[in-house]
Amino acid sequence: MKGLMMHRPLKVADLITFAAETYPSGEIVSVRTEGDVHRTTYGETARRVAQLAHGLKSLGVKPGDRIATLAWNGYRHFELYYAISGIGAICHTINPRLSAEQMLYIVSHAEDRLLFVDLTFVPILERLAAHLPKDLRFIIMTDRAHMPETSLEGAFCYEDLLDGQPGEIDWPEFPEDQAAGLCYTSGTTGEPKGTLFSHRSTVLHAFSMCVTIPKILREGVRILPVVPLFHVNAWGLPYAAPLSGVSLIFPGSALDGKSLFDLMDREKVYSAWGVPTVWHGLLNEITQRGRLPEGLGDIVVGGSAASRSLIETFESRGVNVCHAWGMTEMSPLGTQCNLPSEMDQMAFDERIDRKQSQGRRVFGVDMKIVDDAGIRLPHDGKTPGHLYVRGNTITSGYFNNDEASRPVFDGEGWFCTGDIATIDQDGFLNITDRSKDLIKSGGEWISSLDLENIVMSHPGVANCAVIAVPDEKWDERPLLIVQAREDAQPQKQELFDLLAERVAKWQVPDDVVFVDELPLTATGKVSKLTLRKQHAGEAE
Ligand code: AMP
């Protein structure tokens, strides 16, 4: 027998409408690319989101259209999240750190119709323009006074789009499984793959965040998302914040320790979210100044493993560290490591040990670990296995890419994370390794296989491998290991130049090690495990 309750579709736009009614004075503070600081509220934002939605419709945007953004964290980017999805179109956030080649691929694969761009990234687009789809239109995210001279044909001004439009809107109705957002993530092979979030998954994820971290996600708390809006929806904050009445402080483009310290100090940020690299920068600044930014009480760290020393340093200064794990394909939150109250009495060292784990699952995310044959392994905290997940906030397949989708689901429909982990009896997850051949540097992916394919095109290279080596600042950096052909002597610089032509500069390995022979596994593949052990200290 079915329950007799109404079924109202979950809709992203309802979050901002709710915030405008319930937390109208909740703040959004943004460091702007124009150079100043902008302040607004949820009340005012909801009006501008309505204006923007009307503006988008005036440009002919239809439900299902992909509308791209290339922008930092700021209020206009936030408005786009809501206006685009509100009218049933899809907000496609592009990572500006990708190589030109990858960016072009993504824009054409997504079939973006409009591209909203921050002032900073206009030059990137000008360089790419000749290769971009001819019917793509550009909107520069600024006002008339700051519109740059640009060769981008027909570039439109963001504020002109809002000008004169009504500040109210009746958001259209559509099914809750309609797509709301699109975010591409690097794959081990081939081109980046798109995760297509639905209205339902996005709203459920926001709910899940609010019940999982209620101490931070509550009215009046000031949160700084350093994690970019172009990286899995800034870990869901733009949706969870209006739902809970949190004020958002957007940092714009300056993400160095000094700029972040000053902003946090000035805006009395209580909680700040970002990858370990960002917190290393902030910690240097804290050490230099001999104090914390005023009001700081909490750090959320994820995207890569947080080191013990990072957690310990913040915690010993009275800042709570919440270590979280997730993936683009998971919206992204999977686990978080705020300790349950029964662990309050634990000794400091023991608490830090615990906090180094990736924590426990959030409601709605199921996890299992399995061996190579897919057989479930015990949750004993000792046995590592391939980590699989399932739930309503997890992808069911990549956007328009069956080939990439097929291998990542098992027979029971679970999604393979590409992480190797243990889970203990209390449900604490420990990521111990990665089965996917990727390197994560400063929170951004580098595909080993992409680099290897490029290097293999050098006539003097017989075989090669790219592995991740630990790095204090960037967490990981790529190291290239080359076995030269007998009759050849490829030079480091030649290899660097070859790579620099094809990938973003920060993706080029810092060093090349030449070896007589690469270690092989029993099946004849290069043993990256052996190489990682051999070169573990290389970049330290
Ligand atoms: P992304 O889709 O770019 O957010 O990357 C997700 C991947 O980053 C995960 O599958 C992990 O490999 C890695 N990752 C994210 N958070 C953590 C963490 N707290 N500890 C270790 N690895 C992490």
Side-chain angles (χ1 to χ4, degrees), residues 182-198 201 204-205 208 231-232 235 302-305 324-336 357-362 364-424 427-440 443-450 467-468 476 521 523 525 527-529 532:
L182 176 63
C183 184
Y184 281 74
T185 178
S186 294
T188 44
T189 50
E191 303 291 355
K193 300 167 290 187
T195 302
L196 195 58
F197 311 103
S198 65
S201 71
L204 288 178
H205 187 262
S208 158
H231 198 143
V232 220
W235 296 347
S304 289
W325 167 86
M327 298 180 71
T328 304
E329 290 90 334
M330 298 174 67
S331 301
L333 192 58
T335 63
Q336 61 86 29
S357 86
Q358 278 72 14
R360 300 191 295 177
R361 72 186 180 102
V362 300
V365 172
D366 298 333
M367 304 192 296
K368 67 173 180 182
I369 43 172
V370 301
D371 66 11
D372 289 344
I375 309 295
R376 284 191 190 225
L377 294 168
H379 292 190
D380 59 7
K382 292 194 294 266
T383 316
H386 299 278
L387 176 61
Y388 280 73
V389 289
R390 76 174 175 197
N392 286 312
T393 55
I394 293 162
T395 185
S396 63
Y398 293 109
F399 176 54
N400 274 347
N401 197 338
D402 287 343
E403 201 186 329
S405 304
R406 243 172 275 124
V408 292
F409 295 96
D410 72 5
E412 297 172 351
W414 292 68
F415 173 77
C416 177
T417 63
D419 288 324
I420 307 289
T422 61
I423 301 174
D424 72 12
F428 282 84
L429 176 80
N430 243 301
I431 305 284
T432 56
D433 203 351
R434 203 180 280 149
S435 58
K436 49 194 171 196
D437 211 352
L438 288 167
I439 296 153
K440 204 161 200 196
E444 301 287 351
W445 289 118
I446 300 173
S447 160
S448 314
L449 292 177
D450 279 356
I467 56 162
E476 291 177 9
T521 63
T523 54
K525 285 201 242 169
S527 170
K528 297 223 170 165
L529 199 64
R532 282 208 291 269

- Query: Do K440 and S304 touch side chain to side chain, with heavy atoms closer than 4.5 Å?
  - Reply: yes
Under 3.5 Å, is there a donor-acceptor pair linking the side chains of W325 and D419? yes
**Study point:** Close side-chain approach of V370 and I375, heavy atoms under 4.5 Å
**Key:** no
Identify whether the distance between the nearest side-chain nitrogen and carboxylate oxygen of E412 and K368 falls below 4.0 Å.
yes
Residue set satisfying side chain to side chain donor-acceptor pair (under 3.5 Å) with N400, at least two apart, ordered chain then number -> none
Q.
Pair Y388, M367 - check side chain to side chain contact (heavy atoms under 4.5 Å, CB included), show working.
A. CA-CA 6 Å; Y388 280 73; M367 304 192 296; over 6 Å; no
For P332 and T328, the nearest pair of non-hydrogen atoms, with its separation, is CB-N, 4.3 Å
inquiry  = Measuring only between side-chain heavy atoms, which start at C-beta, is S208 closer than 4.5 Å to T393?
reply    = no
task: Indicate yes or no: at least one non-hydrogen side-chain atom of V365 is less than 4.5 angstrom from one of I394.
output: yes
Looking only at side-chain N and O atoms, does H386 offer a donor or acceptor that is under 3.5 Å from a partner on D372?
yes
Checklist entry - With no hydrogens and no angle check, do the side chains of E191 and Y184 hold a donor and an acceptor under 3.5 Å apart? => result no
Item to check | Pair R434 + E476, salt bridge at N-O below 4.0 Å | outcome: yes
* **Presence of salt bridge, K528 and D433, under 4.0 angstrom** => no
Hits for side chain to side chain contact (heavy atoms under 4.5 Å, CB included) against L377, two or more places apart or cross-chain, chain-then-number order -> I369, D371, T383
- With no hydrogens and no angle check, is any side-chain donor or acceptor of Q358 less than 3.5 Å from a backbone partner on I431? yes
Handout entry: Any side-chain heavy-atom pair of K436 and C416 under 4.5 Å
Key = no
| field | Side chain proximity check, H205 to F197, heavy atoms < 4.5 angstrom | value | no
Hits for ring pair (Phe, Tyr, Trp, His ring centres under 6.0 Å) against F428, two or more places apart or cross-chain, chain-then-number order -> none
Please tell me whether N430 and S357 have a donor and an acceptor in their side chains that are separated by less than 3.5 angstrom. no
